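Both ligands and their constituent atoms are indexed starting at 1 by order of listing. Start at 1 with the first residue, then count along the sequence. No hydrogens, no waters, no symmetry mates; every other heavy atom, side chains included, goes into these values. From a predicted model like this one, the values you see are computed outputs, not experimental measurements.
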Amino acid sequence: MKSQATYAANPSFEQSFRAHEEKNKPQKVPLPPFGFKEYMIQKGNQVNKALDEAVPLQHPRKIHEAMRYSLLAGGKRVRPILCIASCELVGGDEELAMPTACALEMIHTMSLIHDDLPCMDNDDLRRGMPTSHKVFGEDTAVLAGDALLALAFEHVASNTKNVSSDRVVQALAELGSAVGSKGLVAGQVVDIESEGKEVSLSTLEYIHVHKTAKLLEAAVVCGAIMGGADATSVERLRKYARSIGLLFQVVDDILDMTKSSEELGKTAGKDLTSDKATYPKLIGIDEAKKFAAQLTDQANQELGFYDPVKAAPLYHLASYIASRQN
Ligand code: GRG
């Protein structure tokens, strides 16, 4: 076997090794120029308006108040904006995706309400405000989550216009599978079971992929379906979404360790106090950051198949997810 010294003394090997490394390192794609901040504000406002209209304050007042309290409490609106951006990339317009975009935010919000309950993570702070059960009581918080989940599916089925019923059904199936016992619920169950135990990297990945990435994947895939994408494009965008989905949670793990509750709008340092496995805990913060960079590169590579101008929002969304501060 050759020693390292032999390699170092052999310039032709060193040259070919470096050339190989250079060729195989993840390609950095320069971000296409794009007014991303304005885009996020404009799309976020449109989503907020649609959500406000989707859940009017009606009888019985308390449950609708609770639904609106959590849904309209702020939040970055990453899932609905991903859905719209994906729809627009494949040639659809915003209205085709808006009911699904709202449904994604309803599902995401219900998962936060239930996650904060005393029987789950038992948290007091969410989106910078007291959690639903602190304000409305545990019974109403459970029901507000249930109602938002049911409304999500009703909203897509009743309000999607100018999309074939085949595509609407396909998107509903995608949403259902992302949420249920093969999706978010699966991730949450394994997360709870794993608390306080030694967790392998593959179990941690399972938890993160199911608890967090599945809904982000559904956001991008449903947007593409509503926008009229063909099967190849849907699967290509699914790959992009899988990378940014896991990226989202790896970054969340890092933020939990490095930011304050005030900065995050939710209790910081929770993973440590509740003895949860995270990427920084298992592989260290530097490796977690490297992994995040790799996932960003992987996501960008999938976008290489599209016109960079049209794909600019999705490139910038990946970069935003990687570098977000809350
Ligand atoms: C879905 C039926 C059903 C039940 C819920 C409680 C539960 C099962 C799952 C937990 C899912 C969960 C809370 C995952 C964490 C995902 C995550 C990183 C949330 C933070 O998302 P951000 O940063 O939050 O997008 P904002 O507030 O900006 O929307």
Problem - Heavy-atom nearest neighbour of atom 3 (C) of ligand 1 within options H114, R79, E105, M110 - result: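 Result: the heavy atom closest to atom 3 (C) of ligand 1 is in M110.
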
Exercise for the section: Identify which of Q188, R324, H210 has a heavy atom lying nearest to atom 8 (C) of ligand 1. Expected result: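 It is Q188 that holds the nearest heavy atom.
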
With atoms numbered from 1 as shown, which atoms in ligand 1 lie under 4.0 angstrom from a non-hydrogen atom of [X]?
X	value
L184	1 (C)
Q249	18 (C)
K211	11 (C), 12 (C), 14 (C)
G75	26 (P), 27 (O), 28 (O), 29 (O)
V185	2 (C), 3 (C), 4 (C)
D252	18 (C)
R127	26 (P), 27 (O), 29 (O)

Please answer whether the main-chain N or O of [Y] pairs with a side-chain N or O of [X] as donor and acceptor at a distance below 3.5 Å.
X	Y	answer
S86	G223	no
N48	G44	yes
S319	Y315	no

Practice task
Classify the ring geometry between F36 and Y39 as parallel (under 30°), tilted (30 to 60°) or perpendicular (over 60°).
Solution key: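 Plane angle under 30°, so parallel.
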
Practice task
Kindly check if the number of other-residue, nucleotide or ligand heavy atoms within 6.0 Å of NZ (K76) is above 12?
Solution key: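 Yes - once you tally the heavy atoms of other residues, nucleotides and ligands closer than 6.0 Å, there are more than 12.
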
Handout entry: Nearest-0.5 Å distance that lies between atom CD in E195 and atom CG in D121
Key =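 Between E195 CD and D121 CG, I get 6.5 Å after rounding to 0.5 Å.
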
Does [X], backbone or side chain, put an N or O under 3.5 Å from an N or O of ligand 1?
X	value
R77	no
K266	no
D115	no

Problem - ligand 1 contacted by R126 (non-hydrogen, < 4.0 Å) - result: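 No.
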
Exercise for the section: Could you check atom 16 (C) of ligand 1 against the protein and tell me its nearest heavy-atom contact, residue, atom and distance included? Expected result: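 Closest protein heavy atom to atom 16 (C) of ligand 1: T212 OG1, 3.5 Å.
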
Problem - Residue among R324, H208, K211 satisfying side chain to side chain donor-acceptor pair (under 3.5 Å) with D252 - result: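 In the set R324, H208, K211, the residue that makes a side chain to side chain donor-acceptor pair (under 3.5 Å) with D252 is R324.
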
